[in-house]
Amino acid sequence: MPLISQENIFALVAIIFGLAFLGFWADKNAIARKIPGVVWVLVAGIFLSNVGFIPLKAPIYDFVGGYIMPLGVPLLLYRANIRQIFQESGMVLPIFLLASVTTAVGAVVGFYLFDLGEIGPKIAGVYGGTFIGGMVNFVAIAEVAELSTTEFGTILSPSAPVSILALMALIIIPSLSWISRHYTLRDHGQSDLQTEQSQNNDIRPEFRLRQTTAALGLSAVICAIGTYIADTTGLSNYSLFFITLITVVIANLVPKQMARLTGDFELGMVCMYLFFAVIGAGTNATEFADSAFTYFLFGMFIVTFHITATLLLARVFKLDLAETIIASGAALVGAAATAGIATSKGWKNLITPAITTGMLGYVIANFVGVAILNFLK
């Protein structure tokens with residue numbers, strides 16, 4: 001029996017929030033952030049449950065996964081304004097779409113090269129979507145694939161080091177003369193006013209009670225509608241898929257109204273980190289250790305295939321190397337990390353395309369991941 005039983009709700013809630021806090025702390029700490037906060041949350045959760053401190057299964061885990069996590073999905077997608085993405089992305093957008101194709105192809109090819117077991121199609125679909133979008137898409141496609149808690153945790157953890165290695169590769173590649181000399185590299189050092197304003201606005205998140213409450217309430221409404229559509233159509237495991245679709249439609253129908261909401265992204269991140277905490281707590285370490293390395297190799301194959309194929313296509317079509325790196329990063333490591341690449345390289349006018357194109361990845365990744373899953377089935 002675990003030290004803290006599944007009936008001790010408040011103690012488990014305290015631990016779940018503590019794990020989420022650990023993740024946010026790690027993301028800001030100069031040393032700890034070398035490993036993504038998600039990994040800290042998962043590993044700490046796995047440790048606590050597998051040494052018998054907290055239970056592997058508990059009703060509160062189901063509540064977080066069934067209600068808190070879906071509530072966070074719309075909150076993370078309120079800014080997915082497709083019109084703005086097309087206006088601000090420039091050449092990064094078509095390169096990103098090209099790179100997304102290489103990811104999908106890499107996932108399918110890797111499926112036939114690696115022994116992924118019975119859940120191979122599910123893994124290929126989840127990884128294919130995640131390396132185009134991000135963690136939001138991982139969760140949504142995993143629901144469609146009907147992954148168990150242990151399968152979810154086992155597949156999720158190897159994806160984090162893969163993303164870290166992909167980020168390192170994208171930072172290093174422009175500095176390698178034997179690669180960069182074969183490409184055009186224009187000056188991207190001029191920052192536009194909108195980018196500077198965006199950076200200033202992102203320094204400190206705002207919480208206004210009226211707008212924040214509206215953001216939460218709207219998320220609940222979207223979740224209710226998406227779940228109802230999924231249940232009535234007999235596609236109950238597609239509820240997050242419908243929730244994502246509804247959110248994107250609303251974000252593009254009334255973008256100005258959505259832009260007035262505050263605290264939405266931050267609250268969405270809290271919901272996701274709470275979810276990752278219960279996923280870690282519900283993961284059986286023995287099953288995780290048996291399969292994680294194979295999934296890591298599979299993820300590395302997808303990333304390597306993506307980067308290699310994207311660079312080759314960029315060479316053939318004489319595309320700008322900086323724009324190619326940013327487009328590739330928007331898919332593999334997400335908007336925030338790719339904006340960091342652009343900043344570190346001094347490509348100031350590619351910061352906005354990095355963010356907007358990364359948002360597009362969240363929009364299309366679910367469709368690609370589910371298509372891969374169904375194709376391989």
Side-chain angles (χ1 to χ4, degrees), residues 38 42 57 61-62 64-70 72-73 76-77 100 103-160 162-163 223 226-227 229-231 233-247 271-272 275-276 278-280 282-284 287-288 290-292 294-299 301-303 331 361-377:
V38 172
L42 284 170
K57 295 183 179 180
Y61 299 170
D62 298 332
V64 172
Y67 298 98
I68 301 299
M69 180 272 293
V73 172
L76 294 172
L77 295 173
S100 298
T103 299
V105 173
V108 173
V109 173
F111 168 80
Y112 291 106
L113 293 178
F114 292 85
D115 182 11
L116 302 175
E118 295 181 358
I119 61 171
K122 300 179 181 181
I123 300 170
V126 170
Y127 274 20
T130 301
F131 291 128
I132 293 174
M135 282 298 115
V136 176
N137 307 102
F138 189 109
V139 174
I141 301 168
E143 184 197 46
V144 173
E146 297 180 288
L147 292 176
S148 68
T149 299
T150 297
E151 289 171 344
F152 187 103
T154 303
I155 295 170
L156 176 60
S157 293
S159 69
V162 170
S163 296
C223 289
T227 303
I229 294 173
D231 290 340
T233 57
L235 300 170
S236 57
N237 58 317
Y238 279 72
S239 61
L240 287 181
F241 188 90
F242 288 114
I243 288 169
T244 300
L245 183 60
I246 294 169
T247 306
C271 292
M272 285 299 159
F275 176 63
F276 295 140
V278 301
I279 287 297
T283 299
N284 186 306
E287 295 181 30
F288 171 83
D290 289 342
S291 304
T294 301
Y295 300 154
F296 168 78
L297 292 177
F298 175 62
F301 174 82
I302 296 175
V303 166
Y362 299 146
V363 175
I364 68 172
N366 285 355
F367 299 96
V368 177
V370 171
I372 293 172
L373 168 65
N374 290 324
F375 172 74
L376 295 177
K377 272 187 174 181

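Values reported hereafter were calculated over all heavy atoms of this structure, with side chains retained and with hydrogens, waters and symmetry mates removed. Position 1 is the first residue of the sequence; numbering continues from there.
- Nearest heavy-atom pair, Ile364 versus Ser100, reported as atom, atom and distance to 0.1 Å: CD1-OG, 4.3 Å.
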Which atom pairs, one a donor and one an acceptor, fall under 3.5 Å between side chains of residues 113-135 and the rest of the protein, sequence neighbours left out?
{"residue": "Asp115", "atom": "OD1", "partner": "Gly117", "partner atom": "N", "Å": "3.4"}
{"residue": "Lys122", "atom": "NZ", "partner": "Ala145", "partner atom": "O", "Å": "3.2"}
{"residue": "Tyr127", "atom": "OH", "partner": "Ile155", "partner atom": "O", "Å": "2.6"}
{"residue": "Thr130", "atom": "OG1", "partner": "Val126", "partner atom": "O", "Å": "2.7"}

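- Separation of atoms CD1 (Ile243) and OG1 (Thr227) is listed at 4.5 Å; rounding is to 0.5 Å.
- By the 4.5 Å heavy-atom criterion applied to side chains, Met69 and Leu240 are counted as neighbours.
- Residues Tyr295 and Val162 have side chains not in contact (no heavy-atom distance under 4.5 Å, counting atoms from C-beta outward).
- Two residues are said to be in side-chain contact when any heavy atoms from C-beta on lie closer than 4.5 Å; Val368 and Thr103 fail this criterion.
- Between Phe298 and Gly110 the shortest heavy-atom distance is CE1-C, 3.4 Å.
- Side-chain atoms of Asp231 never come within 3.5 Å of backbone atoms of Ser236 as a donor-acceptor pair (strictly under, hydrogens ignored).
- When side chains are defined from C-beta on, Phe138 does not count as touching Ile141, because their heavy atoms never get closer than 4.5 Å.
- Within the 4.5 Å cutoff, side-chain heavy atoms of Val139 are placed close to those of Phe152.
- With sequence neighbours excluded, the residues forming a side-chain contact (heavy atoms from CB on, under 4.5 Å) with Phe367 are Phe241, Leu245, listed by chain and number.
- For residues 367-377, there are no side chain to side chain donor-acceptor pair (under 3.5 Å) pairs, not counting sequence neighbours.
- For Asn237, the side-chain contact (heavy atoms from CB on, under 4.5 Å) partners at least two apart in sequence or on another chain are Val144, Glu146.
- Residue-environment remark: CZ (Phe375) stays at or below the threshold of 12 foreign heavy atoms within 6.0 Å.
- In this structure, the side chains of Val73 and Tyr362 stay at 4.5 Å or more apart for every pair of heavy atoms.
- Under the 4.5 Å side-chain criterion, counting only non-hydrogen atoms from C-beta, Ile372 is not in contact with Phe111.
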Practice prompt. Begin with the C-alpha distance, continue with both residues' side-chain angles, and end with the deciding distance and a verdict on side chain to side chain contact (heavy atoms under 4.5 Å, CB included) for Tyr238 and Thr233.
Written response: CA-CA 10 Å; Tyr238 279 72; Thr233 57; over 6 Å; no
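- Remark: Tyr61 engages no residue in a ring pair (Phe, Tyr, Trp, His ring centres under 6.0 Å) (not counting sequence neighbours).
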Worksheet entry | side chain to side chain contact (heavy atoms under 4.5 Å, CB included) between Phe275 and Val278, intermediate numbers included | CA-CA 5 Å; Phe275 176 63; Val278 301; 4.3 Å; yes
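- Residues meeting the side chain to side chain donor-acceptor pair (under 3.5 Å) test with Ser239, sequence neighbours left out: Glu143.
- In this structure, CG in Asn137 is found 7.0 Å from OG1 in Thr244, a value given to the nearest 0.5 Å.
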